[in-house]
**Student:** 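Structure incoming, see below.
Because the structure is predicted, anything quoted here is derived from the model rather than measured. In what follows, chains are A, B, ... by sequence order, proteins preceding strands, each numbered from 1.
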Amino acid sequence: MKIAIASGKGGTGKTTISTNLALSMASDHRVLLADMDVEEPDSALFIKGNHLEERIVTRDIPVWDSDRCTLCGECQEICNFNAVVRIASQIMIFPNLCHSCYACSELCRDEALPMKPSRIGVITRSEQGNLTFVEGRIDIGQEQAVPLIKSVGEYIESIADKDTVVIMDSPPGSSCPVMEVVGQSDFVILVTEPTPFGLNDLQIAVETVRKLGKPFGVIINRSTLGNSAVADYCRAERIRVIASIPNSLNIARIYSAGGLSCGMDPDMSREIGKVKAFIKLIS
Amino acid sequence: MKEIVVISGKGGTGKTSVAASFALLAGKSAIVADCDVDAADMHLLLSPDRAERHKFLSGTVAVVDNGSCTGCMECQAICRFDAVTEKGGFAIIDPVKCEGCGYCSRVCPENAISNIPDLAGKWYISSIRTGSTMVHAKLGIGADNSGKLVARVKNEARKIAEEQGKELIIVDGSPGIGCPVISSLSGASYVVLVTEPSLSALHDLIRVVELTRNFSIPMGAVINKYDINREITAQIEVFLREANIPLLSRMEWNEEFVHSIVAGRTIAESENTTLSGVIRECWENVLQQNDITVKV
Amino acid sequence: MNILFTAKGKEWDSPMDPRFGRAMYLLVYNTVSDKMDVIDNSAVDEEAHGAGTKTSSVVAGIAPDIIITGNGPGGNAASVLAATGVKLYTGAGEMKVEEAYNAWKNNLLEEFKF
């Protein structure tokens, strides 16, 4: 069972919920928590496990073979991403613009653009009891998150058995990287807040998840702040509200210092308990 | 022309609320641009009328002409994005998975595949309740070009400011530290960093400061909810001091913050005078830092 | 000598376009023949990514001796231009084309370090 924790906007409590849920479920279950917010992974601030593995992630980029090349320039014309440029005496390749589509390489009549692996980031794995923690982190200067997220997904496939509950902390928003994480999941939990911003962003997130045809539910964080518009929207749209975590300075303080509030805060413990029960129900 | 950009690194620190308050306080003297195109929220506080609507086309997506497709599936064999499937003897391309590389259209022996411009979102020019003009946008679901849409929004805002003879643009910047925030920063005259005292916010703050420094743009900082963790607030203040970034304002945690948003008002309009006072003072500091005198 | 300007229009009194990659027009002035060629580069706006490399490959094809622009090229475009050996001057983004030309002649523009 793979569960994506996502939200339309940042700062709604995605990471708080992923980390608390993962650690709490790990008390009696095998759990894998994956931080797939590869541009800004920060779950590691909350999980302290034994470091077990680090794996370099690459993707294939064409490399110019000047001996074979006849400078015909067709590669520049083929590339839809402006990643290949021919100037008078050479072909230049821009890995940041390249989408690894292979077109220039496979259509080159001189076989002068072989594809070679190029580093884009790193996956790390650590363990704390029943909990395996996997983090994808993109290298500074790399602009495309999707290939790395795909690799993290494949890595999870290779190490998690069927009984493991996989919790994936998704990036915020509704762009490609989010679609990639949600696409890999079996169920999506959308985290929101009961404010006009929270509602607006939840509606966009719901649109995204529906487009991918994934089953989903909602957690309302800081539920005692703001108004009832989010709850009303969920009722009207027949969306299940799995838990409502009340606003609490205590939870905010524990989070701010990099702590986990489940087990320390009664409200958080109770609501995370509801999420656990729900996951067991759908597994 | 001065361009003031509000950014935060981490989401949920109050960036949009601060930017919308600045927009309100600047009134008619400033053009407003919402560059948080992935999760645009500023419109909820400024009541734009979306008088002008434009399509945002970016990149291409492949489509198959069933009339010529023979179902040879050559396209499926070469596609690296798993975007092609077969149905009823024809190739079908999933527009969400297609990255628009055009490889399939080149190998198709029947020339049955064309590349059409991809509708990646919409952008608007609106009148807002301050009597000024706002440029804002909505990125399409699963689109990957927020950086370019951000650039479009900013360019339009600059054009309008020039036409209307306005000296000031207030920008709600993109979250994170990636490509969209780089677009938000390009051409900025001053950056306001909104942060909060948590380890993750501090972590992201350090990264956006590094980024902003690369563009040599002067900065000022706002610490929101500073009383949630005074220890980390102190750490942030040390970081700011060492980085030579002036602290524009510290705002305490205040439930009225949320109440004013729920009522569709900026915090500058809050009935709670402590809250509205702090943000007004913060705006005065921004103006002072930039040597701007605003006639409202 | 050929001098290339990034501009928002086609004339000597058109405003310069401060952007390199997404410049609307590329104006090429030949100092010997005193002729100005106009290249419409506005189609670059349709490019999702890589406007900088696209424009710089067009510029590489023209092979000017000098480029005068506003903000300077981004990283990708800069590496293409560096490989062509062209000299590039920045800081003319707020001027008209003619003013930019005069500013360059009077050594008032900054040379871009590739």
**Student:** Any side-chain heavy atom of B/Val181 within less than 4.5 Å of one from B/Pro175?
**Tutor:** no

**Student:** Is B/Asp94 in contact with chain A via its backbone, its side chain, both, or neither, using a 4.5 Å heavy-atom distance?
**Tutor:** neither

**Student:** Between A/Arg253, A/Lys211, A/Glu207, which residue shows the highest count of heavy-atom pairs closer than 4.5 Å to chain B?
**Tutor:** A/Arg253

**Student:** Do the side-chain N and O atoms of A/Thr15 and A/Asp169 include a donor-acceptor pair separated by under 3.5 angstrom?
**Tutor:** yes

**Student:** By a 4.5 Å heavy-atom criterion (distance strictly below it), what part of B/Ser8 contacts chain A: side chain, backbone, both, or neither?
**Tutor:** neither

**Student:** Could you have a look at A/Ile204, A/Asn80, A/Asn227 and say which one has the most heavy-atom pairs with chain B under 4.5 angstrom?
**Tutor:** A/Asn80

**Student:** Out of A/Val218, A/Val230, A/Leu190, which one pairs with A/Ile239 under the side chain to side chain contact (heavy atoms under 4.5 Å, CB included) rule?
**Tutor:** A/Val218

**Student:** Got a salt bridge between B/Glu237 and B/Arg230, using NZ or NE/NH1/NH2 to carboxylate O under 4.0 Å?
**Tutor:** no

**Student:** At a 4.5 Å cut-off on heavy atoms, which part of B/Lys15 comes close to chain A: side chain, backbone, both, or neither?
**Tutor:** neither

**Student:** Could you tell me which of A/Val146, A/Thr195, A/Leu45 has the largest number of non-hydrogen atom pairs under 4.5 Å with chain B?
**Tutor:** A/Leu45

**Student:** By a 4.5 Å heavy-atom criterion (distance strictly below it), what part of A/Thr12 contacts chain B: side chain, backbone, both, or neither?
**Tutor:** neither

**Student:** Between A/Pro196 and chain B, with a heavy-atom cut-off of 4.5 Å, which part of the residue counts as in contact: side chain, backbone, both or neither?
**Tutor:** both

**Student:** If you tally heavy-atom pairs under 4.5 Å against chain A, which of B/Ser17, B/Gly9, B/Gly100 wins?
**Tutor:** B/Gly100

**Student:** Just give me the residue among A/Ser7, A/Cys79, A/Ser175, A/Pro172 that pairs up with chain B most often, heavy atom to heavy atom, under 4.5 Å.
**Tutor:** A/Ser175

**Student:** Can you tell me if B/Lys87 has over 12 outside heavy atoms packed within less than 6.0 Å of its NZ?
**Tutor:** no

**Student:** Look at B/Lys225, B/Arg207, B/Met42, B/Lys97 and state which one has the largest set of heavy-atom pairs under 4.5 Å with chain A.
**Tutor:** B/Arg207

**Student:** What residue, out of A/Gly10, A/Gly11, A/Ser256, A/Ala252, has the most heavy-atom pairs lying under 4.5 Å from chain B?
**Tutor:** A/Ser256

**Student:** Quick check on B/Ile232 against chain A: is it the side chain, the backbone, both or neither that has a heavy atom closer than 4.5 Å?
**Tutor:** side chain

**Student:** Any side-chain donor-acceptor pair under 3.5 Å between B/Ser260 and B/Arg265?
**Tutor:** no

**Student:** Please classify the contact of B/Leu45 with chain A as side chain, backbone, both or neither, using a heavy-atom distance under 4.5 Å.
**Tutor:** side chain

**Student:** Which one of A/Asp37, A/Thr16, A/Asp35 satisfies the side chain to side chain donor-acceptor pair (under 3.5 Å) criterion with A/Ser43?
**Tutor:** A/Asp35

**Student:** Inspect the surroundings of NZ in B/Lys122 and state if more than 12 heavy atoms from other residues, nucleotides or ligands are less than 6.0 Å away.
**Tutor:** no

**Student:** Can you say whether A/Phe81 sits under 4.5 Å from chain B via the side chain, the backbone, both, or neither, judging by heavy atoms?
**Tutor:** side chain

**Student:** Verify whether one side chain among A/Glu180 and A/Gln184 offers a donor that lies under 3.5 Å from an acceptor in the other.
**Tutor:** yes

**Student:** Is chain B contacted by the side chain of A/Ile78, its backbone, both, or neither, given a heavy-atom distance below 4.5 Å?
**Tutor:** both

**Student:** Do the side chains of B/Asp34 and B/Asp41 get nearer than 4.5 Å, heavy atoms only?
**Tutor:** no

**Student:** Compare every heavy atom of A/Val188 with every heavy atom of A/Ala6, then report the nearest pair and how far apart it is.
**Tutor:** CB-CG1, 4.3 Å

**Student:** Do other residues, nucleotides or ligands put more than 12 heavy atoms under 6.0 Å from the CD atom of A/Glu237?
**Tutor:** yes

**Student:** Relative to chain B, which of A/Glu193, A/Glu143, A/Lys9, A/Lys150 shows the most heavy atom pairs under 4.5 Å?
**Tutor:** A/Lys9

**Student:** For B/Ala40, is it the side chain, the backbone, both, or neither that has a heavy atom closer than 4.5 Å to a heavy atom of chain A?
**Tutor:** backbone

**Student:** Is chain B contacted by the side chain of A/Glu106, its backbone, both, or neither, given a heavy-atom distance below 4.5 Å?
**Tutor:** both

**Student:** Do you know which of B/Asn229, B/Ile228, B/Val258, B/Thr16 has the most heavy-atom pairs under 4.5 Å to chain A?
**Tutor:** B/Ile228

**Student:** Could you look at B/Ser200 and say if it's the side chain, the backbone, both or neither that has a heavy atom under 4.5 Å from chain A?
**Tutor:** both

**Student:** Ignoring hydrogens and angles, state whether a donor on the side chain of A/Ser151 or A/Glu154 is under 3.5 Å from an acceptor on the partner side chain.
**Tutor:** no

